[in-house]
Undergrad: 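Dumping the structure here so I can ask a few things about it.
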Amino acid sequence: FADGIIETDVLLPPDALGEIQFRINSYGDGYCAFRFGVHDAPVFLSSADTTKPPRVLGKSLGVGVPVGRRLRIRIRADGAQLSASIDGKQAALATDATHREGGLALAGSTSAAVFFDNFVVFAKDGSSGDWRPRPVGEANAQQGGKVEPAGSPPLPTPLSANGGGGTVRD
């Protein structure tokens with residue numbers, strides 16, 4: 001995912017946080033995210049190192065997150081410009097060019113189950129484009145508007161002096 005629109009319905013219980021991560025790099029340690037919770041202002045986050053807390057991007061616009069009812073969340077990413085709405089009300093704005101493309105993920109807090117439903121991704125112009133979710137066990141990535149096989153490259157076989165499965169290369 002690079003530029004476009006992400007939409008999903010969310011049911012958020014009390015004291016829970018939800019997060020929609022996008023532009024996740026291939027190593028999984030760099031991403032942008034939109035985080036929302038009943039007791040937390042909705043904000044965009046950026047992480048470049050998962051051993052450190054993510055940094056807050058832009059500003060929250062003071063939209064409250066009601067508990068116990070279905071919410072519709074919409075994120076728009078257009079280059080460095082990010083915006084998010086909750087039930088049609090603008091909730092957060094940010095500018096960040098750190099992460100330009102990558103994968104998508106939905107996350108919830110460990111304290112209570114967060115339910116996501118009707119997850120869709122649109123191209124920048126609102127069309128459905130060629131993107132499709134990755135079925136379990138199949139690696140895909142969106143590259144240049146087309147879905148192509150991807151995923152992490154296989155790890156090299158370890159080399160050993162006693163010929164234990166590796167290939168010695170000059």
Side-chain angles (χ1 to χ4, degrees), residues 1-48 50 52-96 98-142 147:
F1 176 82
D3 290 343
I5 299 165
I6 302 165
E7 289 187 358
T8 189
D9 292 333
V10 179
L11 181 60
L12 193 65
D15 299 321
L17 286 172
E19 197 169 275
I20 300 168
Q21 298 176 354
F22 57 100
R23 296 179 176 172
I24 303 168
N25 71 19
S26 59
Y27 301 105
D29 60 356
Y31 61 88
C32 289
F34 177 61
R35 180 177 291 171
F36 48 93
V38 177
H39 302 293
D40 297 80
V43 294
F44 281 103
L45 304 172
S46 178
S47 173
T50 55
K52 299 176 184 170
R55 64 185 170 92
V56 174
L57 301 174
K59 62 181 178 177
S60 178
L61 301 178
V63 172
V65 178
V67 65
R69 73 172 183 81
R70 186 181 294 251
L71 309 171
R72 185 69 177 167
I73 295 187
R74 178 183 174 106
I75 297 169
R76 181 177 189 84
D78 188 358
Q81 303 304 309
L82 308 174
S83 63
S85 64
I86 298 174
D87 289 339
K89 296 176 187 164
Q90 194 77 350
L93 297 171
T95 302
D96 182 56
T98 306
H99 309 288
R100 301 298 291 194
E101 66 181 5
L104 299 165
L106 303 173
S109 58
T110 58
S111 62
V114 175
F115 298 93
F116 294 89
D117 195 13
N118 301 316
F119 180 80
V120 292
V121 178
F122 299 99
K124 229 173 17 175
D125 65 4
S127 65
S128 61
D130 291 331
W131 189 89
R132 64 182 173 85
R134 177 178 65 195
V136 174
E138 178 185 339
N140 290 307
Q142 182 177 2
V147 175

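Remember, it's a predicted structure, so these values are computed and weren't measured experimentally. In this chain, residues are counted from 1 in sequence order.
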Undergrad: Less than 4.5 Å apart, side chain to side chain, heavy atoms only: is that true for Arg74 and Ile5?
TA: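 The answer is yes, as the side chains (C-beta and beyond) meet within the 4.5 Å cut-off.
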
Undergrad: Could you tell me whether Asp9 and Arg72 have a side-chain N and a carboxylate O separated by less than 4.0 Å?
TA: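 Looking at Asp9 and Arg72, the cut-off is met.
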
Undergrad: What residue among Val114, Asp117, Asn118 forms side-chain contact (heavy atoms from CB on, under 4.5 Å) with Val10?
TA: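 Single side-chain contact (heavy atoms from CB on, under 4.5 Å) partner of Val10 among Val114, Asp117, Asn118: Val114.
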
Undergrad: Could you pull out the closest heavy-atom pair between Pro66 and Leu71, with the gap in Å?
TA: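 Looking at all heavy atoms of both residues, the shortest contact is CG-CD2, 3.5 Å.
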
Undergrad: Taking all non-hydrogen atoms of both residues into account, name the closest pair between Pro14 and Ala112 and its distance.
TA: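 Closest approach of Pro14 to Ala112: O-CB, 4.5 Å.
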
Undergrad: Enter the distance from Glu19:CD to Leu45:CG here, rounded to the nearest 0.5 Å.
TA: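 Rounded to the nearest 0.5 Å, the CD-CG separation comes out at 5.5 Å.
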
Undergrad: Could you work out, with side chain to side chain donor-acceptor pair (under 3.5 Å) as the rule, every residue matching Ser46, not counting sequence neighbours?
TA: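 Partners of Ser46 by the side chain to side chain donor-acceptor pair (under 3.5 Å) criterion, ordered by chain and then number, come out as His99.
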
Undergrad: For the residue pair Leu12 and Val65, what are the closest heavy atoms and their distance?
TA: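 Where Leu12 meets Val65 most closely, the heavy atoms are CD2-CG1, 3.5 Å.
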
Undergrad: How far apart are the closest heavy atoms of Gly37 and Leu17, and which atoms are they?
TA: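 Distance-wise, the nearest heavy atoms are CA-CD2, 3.7 Å.
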
Undergrad: Working to the nearest 0.5 Å, report the span between CD1 of Ile6 and CZ of Arg76.
TA: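 That separation rounds to 11.5 Å.
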
Undergrad: Atom CD1 in Ile73, atom CD1 in Ile20: separation rounded to 0.5 Å?
TA: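 Here the rounded value is 4.5 Å.
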
Undergrad: Using the rule ring pair (Phe, Tyr, Trp, His ring centres under 6.0 Å), only one of Phe36, Phe34, Tyr31 pairs with Phe44; which is it?
TA: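 It is Phe34; the other options fail the test.
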
Undergrad: Please tabulate, one pair per line, all N/O donor-acceptor pairs under 3.5 Å involving side-chain atoms of residues 78-86, not counting sequence neighbours.
TA:
{"unit_1": "Asp78", "atom_1": "OD1", "unit_2": "Lys124", "atom_2": "NZ", "d": "3.3"}
{"unit_1": "Gln81", "atom_1": "OE1", "unit_2": "Thr95", "atom_2": "OG1", "d": "3.3"}

Undergrad: Show the atom names and distances, to 0.1 Å, of all donor-acceptor pairs under 3.5 Å that link a side chain in residues 52-64 to residues at least two apart or in another chain.
TA:
{"unit_1": "Arg55", "atom_1": "NH2", "unit_2": "Asp96", "atom_2": "OD1", "d": "3.1"}
{"unit_1": "Arg55", "atom_1": "NH2", "unit_2": "Thr98", "atom_2": "OG1", "d": "3.2"}
{"unit_1": "Ser60", "atom_1": "OG", "unit_2": "Pro42", "atom_2": "O", "d": "2.9"}

Undergrad: How long is the gap from CZ on Arg100 to CG on Asn25, to the nearest 0.5 Å?
TA: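 The CG atom of Asn25 is 15.0 Å from CZ of Arg100, to the nearest 0.5 Å.
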
Undergrad: For Arg23, is there an ion pair with Asp3 - N to carboxylate O distance below 4.0 angstrom?
TA: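 Between Arg23 and Asp3 there is a salt bridge, with a charged N closer than 4.0 Å to a carboxylate O.
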
